[in-house]
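Beneath this line is the structure, given in structure tokens, with notes to follow.
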Number of protein chains: 2
Amino acid sequence: MGAPLNERSQNILEAIIEDYIHTAEPVGSRAITTRHAFHLSPATVRNVMADLEDMGFLASPHTSAGRIPTEKGYQYYVESLLQIRDLSEEFRSCIDDDTRFAGKCMEDVMQEVGNLLSGISSYTGLVMAPRFNSTIFRQIEFVRLSQGRLLVIFVSESGLVQNKVIEPGIDFSARELESITNYLNHRLPGMTITQVRERIAFELREEKTRLNKIQKQAFELSDKALQGDIAEQVYVAGTSRMLEQPDFASHDSMMRIMRTLESKQQLIELLDSSQSASGVQIFIGSQASDSKIEGCSLITAPFSGQNGAVGTLGVIGPVRMNYSQVIPIVDFTASLVGRLLDRES
Amino acid sequence: MGAPLNERSQNILEAIIEDYIHTAEPVGSRAITTRHAFHLSPATVRNVMADLEDMGFLASPHTSAGRIPTEKGYQYYVESLLQIRDLSEEFRSCIDDDTRFAGKCMEDVMQEVGNLLSGISSYTGLVMAPRFNSTIFRQIEFVRLSQGRLLVIFVSESGLVQNKVIEPGIDFSARELESITNYLNHRLPGMTITQVRERIAFELREEKTRLNKIQKQAFELSDKALQGDIAEQVYVAGTSRMLEQPDFASHDSMMRIMRTLESKQQLIELLDSSQSASGVQIFIGSQASDSKIEGCSLITAPFSGQNGAVGTLGVIGPVRMNYSQVIPIVDFTASLVGRLLDRES
DNA sequence: ATTAGCACTCAACGCGAGTGAGTGCTAATG
DNA sequence: CATTAGCACTCACTCGCGTTGAGTGCTAAT
């Protein structure tokens, strides 16, 4: 059981998995001997396959079909057998094409990155934009709109802009607003938005007495402006690519997957765990999620600029996924997006 | 052929269409007599059905199946037979539920409207947000970011906020910016964004000499800020609802539809024609589009606030759609969104 | 250890009979 | 003369059954 695989078994397992990734059909012993130049007869291969099945790397749908890899098989393949090739020059240049992102706002860039991931991998692309709450505060500005309404603008260290309309109740003069702005821009930079909120709450609660009027108003305004959570932005691209996969031919599995891909919330949960990791992460089948996306694997990578804004992107596809191609794509794209973020700020 | 339908034929046609909408299966003569209290025998109904088929309202998939409505049948049904009931109180209150939209920004509201449309109709909901270019300019503001970068903020009469980062090349002082802002906010309000652009181009070209330095810089800045088209925002909700429809059981039709629903561009084209119309519009089958969404019908309605911002929303579903339910839903939702827009500004 | 040979398994395919919902036509009916 | 009962006919759908063939596991020979 726990015995390590000898080289021949490894080669055969690799051949089976790669054939299956390619054809989506159970692989038989004869197919292996003809498609690969092992100097072995089908019978020998059969013996090896039987062993691999005993060890849990392969399974047979029924007696007279070939073998298909199990999740454990894929996991072993990805960890031990797969050598990750460098991304082909063709793809490299296709991804790193400046014209694609030229002159687009953050949202459009994120969407375009999703399209890119989906287009090149031919699976479904996911991008979770940097969460605003974890970005670093740089600047706040107030713009007076009509009838005592104020537009509040936050700018993060990474150049993200977030705005919100509030109705403070008091009609501030331009001078007052300027003082408030100056005060806040003096005190708050360098903290994450979450920290800023905590600080505001702290100041308002504990040290009320110590503050002068402008200071108090400043904190009250910014408190109001930061109320309410800013939802994560998730971008999905190429969901119809899922329908192309023979693995999801059944109506049922299709529905389950499309429903999940529609739910931003569920996607956030999927991507969230990879947020803090570094480098490419691979979730195969049940590793990815508790049956919400049965039969799917997920390849993710966090991206970040030099200034701390952090997001996650990835590709989701069937467990029978072309890992050797997708992994470098996700890796390279994440680093590209990191560079894009730096450019923006 | 052109002969008008007598009342009995109308009743039978209506019954057939409604049964088919309900069951998604060909309707036979016997089914009609048992499910509806016509005082007629199946044989008589058969005669009428044969006539209706001759006139092109019905079709038979094969000799020994019942009849299904043709597109022409649906069209006649919607135009002449369908009496639009008022929306049930249950739905009314479900749609007009303030807590649903409380404290959400425009984008989230639009998405939520899509969810609402999809949830209540159980088809797919579409919302095209007011095009920024056709909204009326109210206010422009500049915020200085680091390193000579400026954040430009447009506010429209309807309260929409749009921002963009530009790099003017010159480092303006706070005073200069204030003058520029004042000048622009004095000259531009009341025009649509498109008109503003034309005006800027005109001023820069024709009357260059007449302008003083500040004025010239003002126009140059705002020209830069308005460069590049702002893409339409389209929100889609409940695409998986399409998969639930037996009409799209075949892989092929499913793929075609999902692909179309993924393409913002194609959706914009679909919704665009309804933009300028007033009231609910109904596109049945091939009326909706040249085969891009074969087998689909589209119910749309434009919405607008009192201040001219105009968008379109709608529901897309199979031709075999519950028109009597969807039409009032779309109608009522459009008016609700109109009211929401007024509330925002 | 490897392989040839062979019996066995079982999904997939094709075929034909049976079933039943539905039709169109004709003749009878009020 | 519109309506209806009766009847032969059509045809998708289902089920059972034999055939096919890819693939396996086991055993004996190399």
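Just so it is clear: chains get the letters A, B, ... in the order the sequence lines come, proteins before strands, and each one is counted from 1.
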Starting from the first five and the last five pairs of the helix from dA1(C)-dT30(D) to dG30(C)-dC1(D), work out the angle between the resulting helix axes, to 10 degrees. 20°
Give a yes-or-no answer on whether the side chains of [X] and [Y] include a donor-acceptor pair shorter than 3.5 Å.
{"X": "Asn11(A)", "Y": "Ser9(A)", "value": "no"}
{"X": "Ser286(B)", "Y": "Glu71(B)", "value": "yes"}
{"X": "Glu53(A)", "Y": "Ser60(A)", "value": "yes"}
{"X": "Arg320(A)", "Y": "Gln245(A)", "value": "yes"}
{"X": "Ser263(A)", "Y": "Thr260(A)", "value": "no"}

Just checking Thr44(A): base, sugar-phosphate only, or nothing, at a heavy-atom cut-off of under 4.0 Å? base
Would you mind classifying the nucleic acid contact of Ser60(B) as base, sugar-phosphate or nothing, using non-hydrogen atoms under 4.0 angstrom? nothing
Round to the nearest Å and state the distance from [X] atom [atom1] to [N] atom [atom2].
{"X": "Arg35(A)", "N": "dA22(D)", "atom1": "CZ", "atom2": "C1'", "value": "13 Å"}
{"X": "Asp51(B)", "N": "dT3(D)", "atom1": "CG", "atom2": "P", "value": "11 Å"}
{"X": "Arg67(B)", "N": "dC11(D)", "atom1": "CZ", "atom2": "P", "value": "14 Å"}
{"X": "Arg8(B)", "N": "dT4(D)", "atom1": "CZ", "atom2": "C1'", "value": "12 Å"}

Within the 4.5 Å heavy-atom criterion, are Gln75(A) and Ile282(A) side-chain neighbours or not? no
Any side-chain N or O of Ser64(B) below 4.0 angstrom from OP1/OP2 of dA12(D)? no
Pairwise 5' ranking along DNA chain D for Asn47(B) and Pro61(B), keeping only the more 5' one: Asn47(B)
Which comes earlier along DNA chain D counting from the 5' end, the contact point of Gly66(A) or that of Val45(B), where each point is its nearest nucleotide? Val45(B)
Bounds of contact between DNA chain C and chain B, in 5' to 3' order, using a heavy-atom cut-off under 4.0 Å: dA21(C) to dG24(C)
Going by an N to O cut-off under 4.0 Å, is there a salt bridge joining Glu244(B) and Arg241(B)? yes
Side-chain donor or acceptor of Thr34(A) paired with backbone N/O of Ala31(A) under 3.5 Å: yes
Without swapping roles, check the side chain of Lys72(B) against the backbone of Met55(B) for a donor-acceptor pair under 3.5 Å. yes
